[in-house]
Amino acid sequence: MIPLVGITCGEDEMNFFVRRYYINVIEAAGGVPVPLPALKRSCLREKYLNLLDGLVLSGGVDVNPLLFGEEPVPGMGEITPGRDEFELSLTREFFDRGKPVFAVCRGCQVLNLALGGSIYQDINSQINGVIKHDQKAPKDCPTHSIKVMPGT
């Protein structure tokens, strides 16, 4: 069976969008990529849950700090409240069903918040001595190291 993998969409006032590299990577890994625009109705989200084998929480703009009990700090960027609500709910539902979730950048923040964690709104102003977060390099070029924890 070929897995169907949902990818959450970025959005602006006129469009939903998914970066090409998300599509390419899922296809190269043998899956069928399915872009997921943020839906408001939970009964429609249920269709995603029944259809999809996995979920990719894509990168994008900041998460609304009011959702985790904070006021915005000066360095916080643009937010998309509809996307926040959709992704947080969908992530919790995927976890409740034991389905795999992969998170990238903003998606890591959404994943952490959905599971009860906390985040920094603006890492550069809230933590001293951090590495440069937004690298100016091709997306497929590693520019800093990461640690993968055993069993994750």
Side-chain angles (χ1 to χ4, degrees), residues 1-68 76-124 130-152:
M1 179 177 93
I2 298 174
L4 296 176
V5 181
I7 310 164
T8 58
C9 292
E11 61 183 79
D12 59 28
E13 291 181 21
M14 298 293 293
N15 303 292
F16 288 107
F17 53 87
V18 173
R19 303 283 185 213
R20 182 179 304 272
Y21 47 83
Y22 291 110
I23 302 290
N24 293 346
V25 166
I26 291 170
E27 182 182 19
V32 176
V34 180
L36 305 177
L39 300 176
K40 294 180 183 182
R41 296 175 44 206
S42 61
C43 64
L44 297 177
R45 286 195 311 267
E46 183 72 22
K47 299 286 187 190
Y48 284 159
L49 289 164
N50 293 331
L51 175 71
L52 299 171
D53 300 300
L55 175 66
V56 173
L57 297 168
S58 65
V61 300
D62 290 340
V63 178
N64 185 349
L66 296 178
L67 293 174
F68 49 94
M76 194 194 87
E78 178 185 347
I79 63 170
T80 50
R83 181 180 180 190
D84 294 344
E85 185 177 322
F86 171 73
E87 288 184 350
L88 287 165
S89 173
L90 195 63
T91 301
R92 290 181 191 114
E93 292 165 351
F94 260 77
F95 262 82
D96 288 348
R97 292 186 182 203
K99 291 189 172 191
V101 176
F102 184 82
V104 177
C105 198
R106 169 201 155 85
C108 293
Q109 296 175 38
V110 169
L111 176 61
N112 197 37
L113 290 170
L115 300 178
S118 61
I119 63 171
Y120 292 102
Q121 293 179 49
D122 179 41
I123 196 167
N124 292 321
V130 298
I131 63 171
K132 185 175 180 185
H133 177 72
D134 189 15
Q135 307 293 329
K136 303 300 180 204
K139 295 291 185 189
D140 63 349
C141 176
T143 58
H144 64 80
S145 58
I146 62 168
K147 295 179 185 175
V148 178
M149 303 302 292
T152 63

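Just so it is clear, the model here is predicted, and its values are computed rather than measured.
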Q. Any donor and acceptor pair, going by atom type alone, linking the side chain of K99 with main-chain N or O of L49 inside 3.5 Å?
A. yes
Q | Pairwise distance OG(S145) to CD1(I131) - rounded to 0.5 angstrom | A | 6.5 Å
(Q) Could you check whether N64 and R83, counting side-chain N and O atoms only, form a donor-acceptor pair closer than 3.5 Å? (A) no
Q. Would E46 and R97 pass as an ion pair if we require N to O under 4.0 Å?
A. yes
Q | Minimum heavy-atom distance F17-D12, with the two atoms named | A | CE2-N, 4.0 Å
Q) Tell me, do V101 and R92 make a side-chain contact under 4.5 Å, heavy atoms counted? A) no
Q.
With a 4.5 Å cut-off on side-chain heavy atoms, are F94 and L52 touching?
A. yes
Q) Going by heavy atoms in the side chains, are L88 and L67 under 4.5 Å from each other? A) yes
Q) So, T8 versus E87: side-chain donor-acceptor pair below 3.5 Å or not? A) yes
(Q) When you measure from the side chain of N112 to the backbone of S118, do you find a donor-acceptor pair of N or O atoms at a distance under 3.5 Å? (A) yes
Q.
I'd like to know whether L55 forms a side-chain contact (heavy atoms from CB on, under 4.5 Å) with L36, so could you lay out the CA-CA distance, the side-chain angles of the two residues, the decisive distance to 0.1 Å, and finally the verdict.
A. CA-CA 9 Å; L55 175 66; L36 305 177; 3.6 Å; yes
**Q.** Inter-residue atom distance I79.CD1 - D62.CG, 0.5 Å rounding
**A.** 8.5 Å
**Q.** Between CG on residue L90 and CG on residue L57, distance to nearest 0.5 Å
**A.** 7.5 Å
Q.
Measuring only between side-chain heavy atoms, which start at C-beta, is V56 closer than 4.5 Å to V25?
A. no
Q.
To check you understand the geometry: which heavy-atom pair defines the closest contact between G30 and P3, and what is its length?
A. O-CD, 3.7 Å
Q: Please check if the side chain of D53 supplies one atom and the backbone of V5 the other of a donor-acceptor pair under 3.5 Å.
A: no
(Q) Show the nearest heavy-atom pair for residues G60 and R106, with the distance to one decimal. (A) N-CB, 3.4 Å
Q.
Would you compute the distance between atom CG of L51 and atom CG of L4 and round it to the nearest 0.5 angstrom?
A. 5.0 Å
Q) Which atom names give the shortest non-hydrogen contact between P37 and C9, and what distance separates them? A) N-SG, 3.7 Å
Q. Distance from L44 atom CG to F86 atom CZ, nearest 0.5 Å?
A. 9.5 Å
Q. Could you give the distance from CG (N15) to CD (E13), rounded to the nearest 0.5 Å?
A. 10.5 Å
Q | Within 6.0 Å of CZ in F102, more than 12 heavy atoms from elsewhere | A | no
Q) Counting only N and O atoms by type, is there a donor-acceptor contact under 3.5 Å from the side chain of Y22 to the main-chain atoms of P33? A) no
Q.
To check you understand the geometry: which heavy-atom pair defines the closest contact between F68 and V63, and what is its length?
A. CE2-O, 4.0 Å
Q: Would you indicate whether the side-chain heavy atoms of V34 and Y48 approach each other to under 4.5 Å?
A: no
Q: Answer whether the closest heavy-atom distance between the side chains of K47 and L39 falls below 4.5 Å.
A: no
